[in-house]
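Naming: A, B, ... by sequence-line order, numbering from 1 per chain. Keep in mind that the numbers below use all heavy atoms, side chains included, and drop hydrogens, waters and symmetry copies.
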Amino acid sequence: MEYNFREIEKKWEKEWYEKGIYEPDLDNPNEPFYNLMMFPYPSAEGLHVGNMYAFVGSDIYGRFKRMQGKDVFEPMGLDGFGIHSENYALKVDAHPMELSKKSEEHFYEQLKMIGNGFAWKERLETYKPEYYKWTQWVFKEMFNHGLAYRKKSPVNWCPSCKTVLADEQVISGKCERCNGQVERREFSQWFFRITEYADRLLDDLQKIDWSKIIKTAQRNWIGRSYGSMIDFGIKNFDSKIKVFTTRPDTLFGATYVVLSPEHKLVEKLKTKAENTEEVERYAEKAKNKTEQERIAEEKGKTGVEIKGVKAINPINNEEIPIYIADYVLASYGTGAIMAVPAHDERDYDFAKKYNIPIIEVIKPSFPDKTKKGELYEGEGVLLNSGEYNGISSEEAREKITDKVEGETHTNYHLRDWLISRQRYWGTPIPLIFCAKCAERIKNNESGIREKLNQGEKENPGWFAAPDNDLPIELPNIEEFRPTGTEKSPLATVESFYKTKCPKCKGEAIRETDVSDTFLDSAWYYFRYVDVNNKEEVFSDKRIKTWLPVDMYIGGAEHAVLHLLYTRFVTKAFHDWGIINFDEPFTRFRAHGLLIKEGAKMSKSKGNVVNPDEYISKYGADSLRMYLMFLAPFEEGGDFRDSGMKGITRFLNRVWRMLNEANIGKDDEEIIKTLHQTIKKATEDVEELKYNTAISSIMILLNKMEGETFSRKTAEAFLKLLAPFAPHVTEELWCRLGNENSIHKAEWPKFDPEKIKEEMFDLIIQINGKLKNTIKIEKGITKEEAEKRALESEKVKNYIDKEKVKKVIFVENKLINFVI
RNA sequence: GCCCGGAUGGUGAAAUUGGUAGACACGAGGGACUUAAAAUCCCUUGGGAUGUCCUCCCAUGCGAGUUCGAGUCUCGCUCCGGGCACCA
């Protein structure tokens, strides 16, 4: 008698939804527990099994907490704005606004079938005006607080997506969305000042319980390094070249200085150079190179000396050449470096190529095999360094910095968040530019002290749109395709961009770029608890009740994207005084990657698992359990069709056993196994080790099958299984005569008395090798164990001939004779 | 190049953190039921030797080491996956 999962799953989904059993009381919960999962991009192709894998893993944890008495809040929504969705619309030649309606419907329909305990009333979609009104509010506040600024600088440009990208969205020189080659362009763009939070983002990692891989990735990405700023004089010039170095101890070995081609001083210095034209040509060429071209040349570095102009090494006043070379980045440090070829591989390669002297100034304190010929990048003791000879690198760093009047300085790999996009399908940036005000503010001609906020001061002429105007709605336009220029398609829509200056009421224009979609998702977890609030972004009370998020589960691919942005936004909210915590997620766990038959799932390989198919064939409970059983959730797993069989078989056995159950007295063995299983499953689920939790439940079933047990035992069994297979357990629970949902029932507790063993298997080893095991009473003494062990025939054969040198005894575990 | 993971049967994986390696499943083989198949149930299943229900040897990517005892700890490699990458 197999169970009809189609009927049962449908029935309970409907019942749960109607009764709202997964809707906590948001205003007055007893024990609030915010269980969050990363919301999906609703691609029109539908829910991916990878999404389902993540959601189910998160849901099991939520169900577990709910049964432990928590008021679990588990919301779901759609992150539908952004290049990803828009690119898909372009591909299928549809309008993103139309397409989003279809994807939304399809997605929610699928999400309703996977058996998750979602709080459906609180859903949100980032592309709806009632949501992005508040994304605009966040942007506006960023601006008003001086965390948004406009700047012309070299930026990442994706020619295929026709937009600029943030640093985090360029993966190995390629676009995170379309995988196309990213180029460099010099544009005026909006940035969020995330670097202002670099130290806190780094240091506060200590106080959150997150997967290690994410913390490591963030640490590396923020990339804090301590060093010194040192000025190099220029012969016959007033200007100085400021460089950042982490190794001021090697200053005596600095035999040349390099400016990045974009460095401000290049303009000035080249006029006095003997080879002005050559320098100009090089700088021009370098600027137009793509990142990829620069990287391709990594091994063969290029550069040009600014002939006739010399820098002066401040430590020994020696004149050294100045080069421009594109191996020096304009965007890191000061865009200029002191080159120490003996102690830096890049400088070494360059010096070799251009015949620049190499002076060794550090030698290892003890033989160090990282020293390769003339090149040594480690620390050590100084030489060829005048009065500093013989002292350690560490000491020299401080002394030499002081001597040349340098300053200690901290640098970060992290760059400011480039937030504007030249695309259509996103949140319009709620800023307005007034040329008249810009002039006045720049010249301060009126002489009147204007009350300007930080953003207005830094960006003359720019103002946030008035609150009453929010949301600034994204117009429904025919021609939404990216233009390929510095402007978004909205720049062609006069009715959109023409507006009044909030300051002088004169004519002004709106910003026509939209914001990066990662801004939409950087704050959504705040909104979930108060989605219907029309007055404010969220109510203080709800936030205090529910946040920070207790458990967040999602993919590791967002380590330095979403998971960094959310922390930044939360810290900003904290500093504005609207929340009283500064980390969004107390606990975060990254799930692993789900692959198919040993290979990554991809459309081109045609090995994408469609969850709908499996749900209709095997049921949601089976698919859920299989996904969780195949490997540890945090490590990811290999989906094989054959594996579904075992789980289906298991659920059918459960069904049969409980329908045909011999309810009566409990067998002693069953009670023991039950309590062992409760202990094991409770510990494992807490650690997200669902695979072993399921296996322990299987062991329990194997024990119970065909035996007599009490109703209480049957119920405990179902409860343990309930988070994994919510439908079938609910049905069986109901058939046992229960009226309330199993998902609101209390998670079983194990009784230590019940799993207490009187006997144990004493392991008898000789020289550490297993020879025998004997059943013996717990708590036995060493002497007694020794005596009993020696009585066994197998042991006698070994021991008789030789003398026992030593006996190792581990209580209640083993005895080892060393002979 | 740097930083994280990882490597265990035919397969997915377990192993109380130094104490019986391979739990739980899949697959395979054999058997029962059946006219037959599916489903279900039972048995066997790391490799080898011996040949009889008993025993021995070898086995956790490779090589050393620590230890009474190592899948687990240390050092040195190899391979695979992921992240970052001219960041001074």
Given Watson-Crick and G-U pairs under 3.5 Å, RNA chain B in dot-bracket ([ ] crossing, | other strand) is (((((((..(((......[....)))((((((.......))))))((((.....))))..(((((..]....))))))))))))....

Sorted by chain and residue number, the ring pair (Phe, Tyr, Trp, His ring centres under 6.0 Å) partners of A/Phe191 (sequence neighbours excluded) come out as A/Tyr149

Residue set satisfying ring pair (Phe, Tyr, Trp, His ring centres under 6.0 Å) with A/Phe650, at least two apart, ordered chain then number -> none

For [X] and [N], give me the distance from atom [atom1] to atom [atom2], rounded to whole Å.
X: A/Glu786; N: B/C68; atom1: CD; atom2: C1'; result: 13 Å
X: A/Ile171; N: B/A85; atom1: CD1; atom2: P; result: 8 Å
X: A/His591; N: B/G82; atom1: NE2; atom2: P; result: 15 Å
X: A/Tyr332; N: B/C84; atom1: OH; atom2: C1'; result: 14 Å
X: A/His558; N: B/G82; atom1: NE2; atom2: C1'; result: 16 Å
X: A/Ile214; N: B/C84; atom1: CD1; atom2: P; result: 12 Å
X: A/His409; N: B/A88; atom1: NE2; atom2: P; result: 12 Å
X: A/Asp344; N: B/A88; atom1: CG; atom2: P; result: 9 Å

With the side chain counted from C-beta on, respond yes when A/Glu345 and A/Leu375 share a heavy-atom pair under 4.5 Å apart, and no when they do not.
yes

Got A/Val266 and A/His263 here, is their nearest side-chain heavy-atom distance under 4.5 Å?
-> yes

Nucleotide by nucleotide, nucleotides 19-31 of chain B touches protein heavy atoms under 4.0 Å in the pattern (B base, S sugar-phosphate only, - none) BB--BBSSS----

Counting primed atoms, P, OP1 and OP2 as sugar-phosphate and everything else as base, the B/S/- map of nucleotides 47-52 of chain B against protein heavy atoms under 4.0 Å is ------

Comparing A/Tyr626 with A/Glu345, nearest RNA chain B nucleotide closer to 5' gives the residue A/Glu345

Who passes side chain to side chain donor-acceptor pair (under 3.5 Å) against [X], sequence neighbours left out?
X: A/Lys679; result: A/Glu683
X: A/Tyr256; result: A/Tyr327
X: A/His409; result: none
X: A/Tyr197; result: A/Asp575

Should the heavy atoms of other residues, nucleotides or ligands under 6.0 Å from CD of A/Glu407 be counted, would the total exceed 12?
no

B/U20 glycosidic conformation (syn if within 90° of 0, otherwise anti) is anti

Its glycosidic angle compared against 90° from 0, B/G9 adopts the form syn

Check: side chain to side chain contact (heavy atoms under 4.5 Å, CB included) between A/Met38 and A/His558: does it pass, once the steps are laid out?
Finding: CA-CA 10 Å; A/Met38 287 183 182; A/His558 285 111; 3.6 Å; yes

- Message: Whether the A/Tyr282 and A/Thr302 side chains hold a donor-acceptor pair (N or O, under 3.5 Å, no angle test) is what I'd like checked.
- Response: yes

Item to check | B/A13 to B/G18 separation - P atoms, rounded to the nearest Å | outcome: 24 Å

Closest to the side chain of A/Arg656, out of B/U11, B/A14, B/C41, is B/C41

Against the side chain of A/Leu329, the closest entry in B/G12, B/A85, B/A88 is B/A88

Inset, instruction - Measure from the ring center of A/Tyr53 to the ring center of A/Phe639 and say whether it is less than 6.0 Å. - result: no

So the side chain to side chain donor-acceptor pair (under 3.5 Å) pairs with at least one residue in residues 807-819 of chain A (sequence neighbours excluded) are none

In short, side chain to side chain donor-acceptor pair (under 3.5 Å) pairs touching residues 331-343 of chain A with sequence neighbours left out are A/Ser225-A/Tyr332, A/Ser331-A/Arg415

Polar atoms only, N or O, under 3.5 Å: list the protein pairs with nucleotides 2-7 of chain B and their distances.
| residue | atom | partner | partner atom | Å |
| --- | --- | --- | --- | --- |
| B/G5 | OP1 | A/Lys212 | NZ | 2.1 |

